Amino acid sequence: YSPYYYIDDNGERTGVDVDLAREACRRIGYEPVFRLIDWDQKDEFLQNGEVDCLWGCFSMNNREESYLWAGPYACSRQVVAVRQDSDIQSLGDLAGHRVAVQISSKPEEIFSAGTDPRLPTVSNIYCLLRMEDVVSALRKDYVDACAGHAAALTAQLQYTNTPYRLLEESLLRSEVGVAFAREGDTALRDRLHTALVEMFADGTIEKILAEYGLDPADALGGTAGE
């Protein structure tokens with residue numbers, strides 16, 4: 001999910017969330033241990049204690065009561081991408097078209113719910129495991145559009161040299177945070193939240209975002225660190 005978390009050419013875990021986790025944990029006396037999990041089973045891993053928290057550009061919107069949250073530490077913008085030569089110009093033009101989304105993502109939730117009045121009825125929604133698969137479906141013309149987090153989607157499109165453009169209207173702008181189990185360790189959550197607030201105040205979060213090519217003004221959106 002570049003640039004938020006991915007494996008680099010040396011086989012090391014890296015990305016915005018990885019760097020943020022390392023620094024925030026350092027500040028509260030911990031060393032993070034990263035686990036790659038099936039994101040569709042994230043709640044099961046959290047509830048049975050196989051992971052202590054979920055940290056991966058995870059949207060807080062409409063999930064505020066489902067978890068204990070540390071954050072928000074940044075903002076997330078969900079968008080729709082089409083091929084450069086597509087005649088789709090707006091969300092309304094998606095009527096009757098095929099759309100690819102990532103499993104358990106906000107775009108999957110939005111398209112599947114069918115409650116957003118801006119979205120027409122599409123012909124098919126393809127729910128794929130990885131962002132690479134979502135972009136590949138667009139590149140190979142298996143779908144007419146794909147949706148995802150703006151930064152992650154753009155990074156993958158550019159990596160695969162797919163000629164694309166983003167629709168101007170966003171699907172959603174949300175806040176992202178670190179999720180603990182609802183009945184989890186409140187004290188640890190509070191310490192981590194405090195560390196993230198400090199990192200926002202001293203410019204650490206802004207610096208890390210910029211190092212990965214993100215626009216801090218857009219990625220912070222005036223909400224992180226509250």
Side-chain angles (χ1 to χ4, degrees), residues 1-21 34-40 42 54-59 61 73-86 88-89 91 93-94 97-112 119 122 124-176 208-221:
Y1 208 68
S2 173
Y4 285 89
Y5 50 93
Y6 58 99
I7 305 297
D8 66 17
D9 293 338
N10 297 317
E12 301 293 331
R13 291 180 174 88
T14 189
V16 171
D17 283 328
V18 173
D19 286 3
L20 288 176
F34 299 106
R35 294 282 308 275
L36 291 177
I37 64 172
D38 180 346
W39 193 247
D40 205 32
K42 58 188 178 297
L54 304 172
W55 196 330
C57 199
F58 194 24
S59 172
N61 292 50
Y73 61 85
C75 289
S76 170
R77 191 164 62 92
Q78 306 292 335
V79 298
V80 173
V82 297
R83 291 184 64 85
Q84 186 66 49
D85 58 358
S86 172
I88 299 172
Q89 302 295 330
L91 295 178
D93 293 337
L94 291 170
H97 288 290
R98 305 159 298 170
V99 180
V101 296
Q102 191 171 18
I103 290 174
S104 297
S105 67
K106 270 295 178 182
E108 180 194 11
E109 179 182 321
I110 293 169
F111 276 99
S112 298
L119 292 176
V122 300
N124 292 96
I125 304 170
Y126 295 90
C127 302
L128 306 175
L129 183 61
R130 304 176 304 165
M131 183 58 69
E132 297 97 301
D133 301 326
V134 172
V135 168
S136 179
L138 181 66
R139 180 171 58 85
K140 296 178 179 179
D141 285 327
Y142 296 157
V143 297
D144 307 298
C146 61
H149 183 281
L153 187 58
T154 298
Q156 192 62 37
L157 285 162
Q158 292 175 342
Y159 177 76
T160 58
N161 294 317
T162 302
Y164 76 97
R165 54 184 168 80
L166 302 181
L167 301 188
E168 290 186 8
E169 190 174 6
S170 298
L171 280 175
L172 176 72
R173 188 172 183 85
S174 59
E175 297 174 333
V176 296
I208 290 174
L209 289 167
E211 286 175 350
Y212 286 91
L214 298 178
D215 177 3
D218 182 60
L220 293 176

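All values below were derived from every heavy atom in this structure, side-chain atoms included, with hydrogens, water molecules and symmetry-related copies excluded. The structure presented is a predicted model; accordingly, all values stated were derived computationally and were not measured.
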*In terms of heavy-atom contacts, does OH of Tyr159 have more than 12 from other residues, nucleotides or ligands at under 6.0 Å?*
no

*asked:* Within this structure, what is the CZ-CG distance for the pair Arg77 and Leu172, rounded to the nearest 0.5 Å?
replied: 11.0 Å

*Do you know which two heavy atoms are closest between Gln78 and His149, and how far apart they sit?*
OE1-N, 3.0 Å

*If every non-hydrogen atom of Leu91 is compared with every non-hydrogen atom of Ser170, which pair is closest and at what distance?*
CD1-O, 4.3 Å

*List the steps, then state whether side chain to side chain donor-acceptor pair (under 3.5 Å) holds for Tyr73 with Asp17.*
CA-CA 10 Å; Tyr73 61 85; Asp17 283 328; 2.6 Å; yes

_From CG (Leu138) to CG (Asp133), nearest 0.5 Å_ = 13.0 Å

_Using only atom types and a distance under 3.5 Å, with no angle test, would you say the side chain of Asp215 pairs donor to acceptor with the backbone of Ala217?_
yes

*Is it true that a side-chain atom of Ser136 and a backbone atom of Glu132 form a donor plus acceptor pair closer than 3.5 Å?*
no

_If you count every heavy atom of other residues, nucleotides or ligands that lies below 6.0 Å from Gln84 atom CD, does the total exceed 12?_
yes

*asked:* Working to the nearest 0.5 angstrom, can you tell me the gap between Ile103 CD1 and Met131 CE?
replied: 12.0 Å

*What distance do Gln156 atom CD and Cys146 atom SG have between them, rounded to the nearest 0.5 Å?*
10.0 Å

*About how many Å separate CG of Leu20 and OH of Tyr5, when rounded to the nearest 0.5 Å?*
13.5 Å

*asked:* Keeping Arg83 on the side-chain end and Pro163 on the backbone end, is there a donor-acceptor pair under 3.5 Å?
replied: no

*Tell me yes or no: between the side chains of Gln102 and Ser104, is some donor less than 3.5 Å from an acceptor?*
no

*Taking Ser112 for the side chain and Glu109 for the main chain, is one N or O donor matched with an acceptor at less than 3.5 Å?*
no

*Does a side-chain N-to-carboxylate-O contact under 4.0 Å join Arg98 and Asp141?*
no

*Considering non-hydrogen atoms only, spot the tightest contact between Ala147 and Leu171 and give its length.*
CB-CD1, 3.8 Å

